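Quick notes on the structure that follows.
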Amino acid sequence: MVAVVYWFRKALRLHDNPALIAAAEGASSLYPVYCLDPKTCSRARGAWTNPNRMRFLLESLADLDASLRKLNSRLIVLHGDPVEALPAACKEWSASRLAYELDYEQYSLRRDKAVRSQAEQAGLEVVTRVGHTLVDPEALLLLSRGAPVTSYDKFRGLLAQELKARPVTTLPPPASLPPPGRTAAPHAIPSLEELGLEPMGDAAVIARGGEGAALRAMEAHLRRRDWIASFEKPKTSPTEMLAGGPFDAGAGRSTTVLSPYLTFGCLSSRLLYERVAAVYAEAAPRHSQPPVSLHGQLLWREFYVCCMHATPNYRRMAGNPICRQISWGEDAALVAAWREGRTGYPWIDAAMTQLRREGWIHHLARHAVACFLTRGDLWQSWETGAAVFEEYLLDADEAINFGNWMWLSCSCFFYQYFRCYSPVAFPQKYDKQGAYVRHWLPQLARLPAKYIYEPWKAPIAVQKEAGCIIGVDYPKPIVDHQAAAA
DNA sequence: CTGTAGTTGTCCCC
DNA sequence: GGGGACAACTACAG
Ligand SMILES: Cc1cc2nc3c(=O)[nH]c(=O)nc-3n(C[C@H](O)[C@H](O)[C@H](O)COP(=O)(O)OP(=O)(O)OC[C@H]3O[C@@H](n4cnc5c(N)ncnc54)[C@H](O)[C@@H]3O)c2cc1C
């Protein structure tokens, strides 16, 4: 009799889940658990303050539970610090094996070290597998001789080398699983209310959680073969929100919006990589290339994960060897205005509002608001911005988020700091009428297009006519972009 | 040391 | 909306 506990953390899926398959091998019973961790859990840290992300997580757990039930299994939800809850559960069920997918985020490394040592002391076999990325970041670390790689081209070279030795493969979902034994408590999936979270408020749903939703979204995108094959990231629009765009295929946005699924592991990055490769093979030889292609996007993800794995203090400026040391300002009022969408620049405020309400903004909107907060206008630390993103994003990912913040603030990877986004000119390129701003900031909805990105320039008669007095119904700009840029 | 390349700038002009 | 001038960074290859 071999009782096994499989611990879901990321990889909230059955397809392409190597650690789950390894867990089940030779097991007579398998207890699939997820541990909701109110105090410390890195992913749930945001989830507990952000009902929208918790909503996404709970939907993902519900979907997982439903899929497990089709295999005569079920999801067992534990509460509390995993360092206590996991060993206790293993003991209760007399487990002899604990299995989980590796996770290289800072908090996870610490947590897993503690859980592993407890489990091993209790005589359990601990089984782990890589499943979140195309390659094992540890293998790439070897290829780069322990040094962080900060150039995409160099990274591509090393990655190609690693992929030659160990090509991308995927596993099908298990056809059957050993059943879990009886549990003393029901361990059911809680609701938002039961977790003490306010229901959604003014939050907007851009994507439903779960492996099923993830696979449907991926399939919907894959059917648009030309779009997949010709995808060029810098040419996609940050303001696109096509009305009636299919909800299952990115809700009418100009990129896939698969990021929350990849972050939570509802979707395997390797499966996506393979399926996109298959579209390329059909479209060959005419398809876009990294860094701008869809494959290129997955390589960026890989790039940051591997870079974080090789970098101490990756989340901070201090003590971070790849990060430029810059004396950022410390102005809480400016940061608060930025976070709450009160900068007086409609494009910035609309994007920050979308971020807060929807938990997703387009890559170039992330560029715009990150540039504005740091080197562009407010001169506030990228760490501050990254913390706000980490709280609000559905797709919050330590490696990608903190890495991109270093990029945008010209602290690492990218240094052309004179290439600065204008909060007025940039959105104009994509959305002359300002539909995006009107959607997220309805108080500006009736302003003429001429003033939509710089409403303080509207004559007072125009402001009255639009029912929006600048300084009363919408703030005056907190900084002068021209002056800040100079 | 020099030359070059880097996902995703702005402004002006056709 | 696309092309070129502008201004001008750093890392890394040679
Ligand atoms: C300041 C800043 C913070 C960011 N924080 C995050 C974050 O916390 N989590 C996150 O997933 N992405 C983050 N990104 C990267 C990028 O903006 C998002 O991945 C992308 O917008 C998600 O939308 P999508 O799934 O439609 O992307 P697509 O263009 O459809 O790309 C497909 C997938 O590739 C990956 N990807 C795309 N762009 C990047 C990139 N630049 N770096 C790494 N991986 C990428 C993502 O997994 C994405 O889902 C950040 C970017 C910036 C500038």
Side-chain angles (χ1 to χ4, degrees), chain A residues 143-145 147-159 227-240 253-257 259 276 280 287-307 310-311 317 320-326 345 347-348 351 360-377 379 382 385 389 399-401 403-433 436 449 453-454 480-486:
Chain A
L143 287 179
S144 71
R145 298 211 201 88
V149 177
T150 59
S151 128
Y152 187 79
D153 282 341
K154 190 169 169 205
F155 176 78
R156 271 188 78 188
L158 296 177
L159 188 81
W227 184 78
I228 295 278
S230 59
F231 185 92
E232 288 184 45
K233 184 66 162 275
K235 291 190 179 159
T236 58
S237 161
T239 60
E240 198 160 297
R253 313 307 159 96
S254 67
T255 56
T256 65
V257 197
S259 52
V276 170
Y280 288 167
H287 63 81
S288 53
Q289 294 291 330
V292 300
S293 64
L294 212 44
H295 262 181
Q297 304 314 300
L298 291 173
L299 299 196
W300 282 111
R301 177 176 184 269
E302 210 73 10
F303 171 79
Y304 288 114
V305 172
C306 291
C307 185
T311 308
M317 177 176 81
N320 179 341
I322 65 171
C323 183
R324 265 177 102 147
Q325 305 298 303
I326 294 169
Y345 287 93
W347 157 239
I348 301 297
W360 185 90
I361 51 178
H362 184 276
H363 185 56
L364 291 176
R366 300 181 199 209
H367 272 229
V369 299
C371 180
F372 188 87
L373 178 72
T374 58
R375 64 193 166 85
D377 294 88
W379 202 256
W382 62 266
F389 268 38
I400 306 177
N401 184 33
N404 271 287
W405 272 97
M406 284 191 261
W407 179 297
L408 262 297
S409 60
C410 292
S411 299
C412 187
F413 312 116
F414 172 83
Y415 303 94
Q416 284 166 277
Y417 56 73
F418 45 85
R419 284 199 188 167
C420 221
Y421 291 92
S422 157
V424 175
F426 185 69
Q428 219 121 61
K429 239 176 10 195
Y430 302 95
D431 186 0
K432 279 260 178 308
Q433 297 305 314
Y436 174 85
Y453 296 115
E454 34 191 358
D480 178 353
H481 174 70
Q482 300 305 331

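Each chain gets a letter, A, B and so on, in the order the sequences are listed, and its residues count up from 1. Every value quoted in this text rests on a predicted model; they were computed, and no experiment measured them.
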What does the list of N/O pairs under 3.5 Å between the protein and nucleotides 8-14 of chain B look like, with a distance for each?
from, atom 1, to, atom 2, distance (Å)
B:dT8, N3, A:H363, NE2, 3.4
B:dT8, O4, A:H363, NE2, 3.2
B:dG9, O3', A:C420, O, 2.9
B:dT10, OP1, A:S422, N, 2.3

Those residues that, when tested against A:K432, pass salt bridge (Lys or Arg N to Asp or Glu O under 4.0 Å) (two or more places apart): none
Tell me every residue that passes side-chain hydrogen bond (donor to acceptor under 3.5 Å, both in side chains) with A:T255, counting only those two or more places apart in sequence or in another chain. none
Length of the CE-C1' vector between A:M406 and B:dG6, whole Å: 18 Å
Above 12 or not: heavy atoms from other molecules or residues under 6.0 Å from CD of A:Q416? yes
When the P atoms of C:dA13 and B:dT7 are considered, how many whole Å apart are they? 14 Å
Mind checking A:Q297 for me? I need base, sugar-phosphate or nothing, with any heavy atom below 4.0 Å counting as a touch. base
For A:R324 and C:dC9, is the shortest distance between a side-chain N/O and OP1 or OP2 below 4.0 Å? no
Can you tell me the distance, in whole Å, between the OH atom of A:Y430 and the P atom of C:dG2? 12 Å
Heavy atoms under 4.0 Å, any strand shown: does A:R366 hit a base, just sugar-phosphate, or nothing? nothing
Those residues at least two apart in sequence (or on a different chain) that pass salt bridge (Lys or Arg N to Asp or Glu O under 4.0 Å) with A:E454 are A:K457
Could you tell me the separation between the NE2 atom of A:H367 and the NE2 atom of A:H362, rounded to the nearest 0.5 Å? 9.5 Å
Taking only the C1' atom of each, what is the distance from B:dA5 to C:dA8 in whole angstrom? 14 Å
Of all heavy-atom pairs linking A:Y152 and A:P291, the shortest is CE2-CB, 3.4 Å
A:R419: salt bridge (Lys or Arg N to Asp or Glu O under 4.0 Å) partners, not counting sequence neighbours: none
How close or far is atom C1' of B:dG6 from atom CZ of A:R156, stated in whole angstroms? 14 Å
In a check of ring pair (Phe, Tyr, Trp, His ring centres under 6.0 Å) between A:W407 and each of A:Y417, A:F303, A:W300, A:W382, which one passes? A:W300
Donor-acceptor contact present, side-chain A:Q325 to main-chain A:C323, <3.5 Å: yes
Check the distance between C:dT10's P and A:Y415's OH and give it to me in whole angstrom. 9 Å
Can you tell me the distance, in whole Å, between the OH atom of A:Y417 and the C1' atom of C:dT10? 10 Å
Nearest-Å distance for atom pair OH/P, residues A:Y152 and B:dT4: 24 Å
As a test of your reading of the structure, name each stem of DNA chain B as range with range, where a stem is three or more consecutive Watson-Crick or G-U pairs at under 3.5 Å. B:1-6 with C:9-14, B:9-14 with C:1-6
Nearest-Å distance for atom pair CD/P, residues A:E232 and C:dG2: 12 Å
